[in-house]
Amino acid sequence: MKFIAHRGYSKYELENTKEAFLAASNRSYFGIETDVTLIKNRAMVLFHDDTLSRLSGKNINIRDLTLDEALEIKLEEKLRK
């Protein structure tokens, strides 16, 4: 059986981040699943949810942000569980 790391190694690192992907690559996963979202100015970001509420506490639709605005959002590890 081959296992794929869901949003990277998101059990221990914040999902869809470089840290989650590196943690997954240091284990014996067959692959890594991620989520790509096209946002307001046609930039692509790695984010699963429609809104930022689960990971930032802000009820903002990710697709309504420009890349510069998205980069300003602080994601909170403690909010993800």
Side-chain angles (χ1 to χ4, degrees):
M1 183 177 292
K2 296 179 179 180
F3 291 96
I4 295 175
H6 187 239
R7 300 180 204 153
Y9 199 50
S10 59
K11 182 175 180 179
Y12 295 104
E13 299 292 344
L14 186 60
E15 64 191 50
N16 287 322
T17 62
K18 174 180 64 175
E19 292 79 13
F21 300 146
L22 289 172
S25 71
N26 288 326
R27 287 159 179 83
S28 59
Y29 288 106
F30 174 73
I32 297 172
E33 178 270 345
T34 191
D35 303 279
V36 179
T37 300
L38 189 64
I39 61 173
K40 189 175 183 178
N41 61 339
R42 312 232 359 115
M44 289 183 260
V45 295
L46 303 183
F47 203 78
H48 173 75
D49 302 337
D50 290 331
T51 70
L52 296 165
S53 60
R54 184 173 61 91
L55 294 177
S56 76
K58 299 175 187 203
N59 192 24
I60 301 169
N61 190 318
I62 187 72
R63 289 178 180 88
D64 292 338
L65 298 174
T66 65
L67 182 58
D68 289 336
E69 292 167 336
L71 290 171
E72 293 296 318
I73 303 292
K74 172 105 170 100
L75 300 180
E76 306 263 347
E77 179 74 17
K78 64 184 175 197
L79 293 175
R80 74 183 177 111
K81 294 188 179 184

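Between the CD atom of Glu15 and the NE2 atom of His6 there is a distance of 8.0 Å, given to the nearest 0.5 Å. In this structure, NZ in Lys74 is found 12.5 Å from CD in Glu72, a value given to the nearest 0.5 Å. Remark: Arg63 CZ to Ile39 CD1 distance equals 10.5 Å, nearest 0.5 Å.
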Phe47 vs Ile73, side chain to side chain contact (heavy atoms under 4.5 Å, CB included): CA-CA, chis, key distance, verdict: CA-CA 12 Å; Phe47 203 78; Ile73 303 292; over 6 Å; no
Does the pair Leu65 and Leu52 meet the rule for a side chain to side chain contact (heavy atoms under 4.5 Å, CB included), with working shown? CA-CA 11 Å; Leu65 298 174; Leu52 296 165; 3.7 Å; yes
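More than 12 heavy atoms of other residues, nucleotides or ligands shown are found within 6.0 angstrom of CZ on Arg27.
Here the side chain of Asp35 pairs no donor or acceptor atom with the backbone of Asn16 at under 3.5 angstrom. Panel note: side chain Glu76, backbone Leu55; no donor-acceptor pair is recorded below 3.5 Å.
With sequence neighbours excluded, the residues forming a side chain to side chain contact (heavy atoms under 4.5 Å, CB included) with Lys40 are Thr66, listed by chain and number. Residues satisfying the side-chain hydrogen bond (donor to acceptor under 3.5 Å, both in side chains) criterion with Asp64, sequence neighbours excluded, are absent altogether. Remark: Thr37 pairs with no residue by the side-chain hydrogen bond (donor to acceptor under 3.5 Å, both in side chains) rule, at least two apart or across chains.
Transitive grouping of hydrophobic side chains (ILVMFWY, heavy atoms separated by less than 4.5 Å) brings Leu38 and Val36 into a common cluster. There is a path of hydrophobic side-chain contacts, each under 4.5 Å, that joins Ile60 to Leu71. There is no path of hydrophobic side-chain contacts, each under 4.5 Å, that joins Met1 to Ile32.
Between Ile62 and Asp49, every side-chain heavy-atom pair lies at or beyond the 4.5 Å cut-off.
Residues Ala5 and Tyr29 come closest through the heavy atom pair N-CD2, 3.5 Å. In terms of heavy-atom proximity, Phe21 sits nearest to Glu33 at CE2-O, 4.4 Å.
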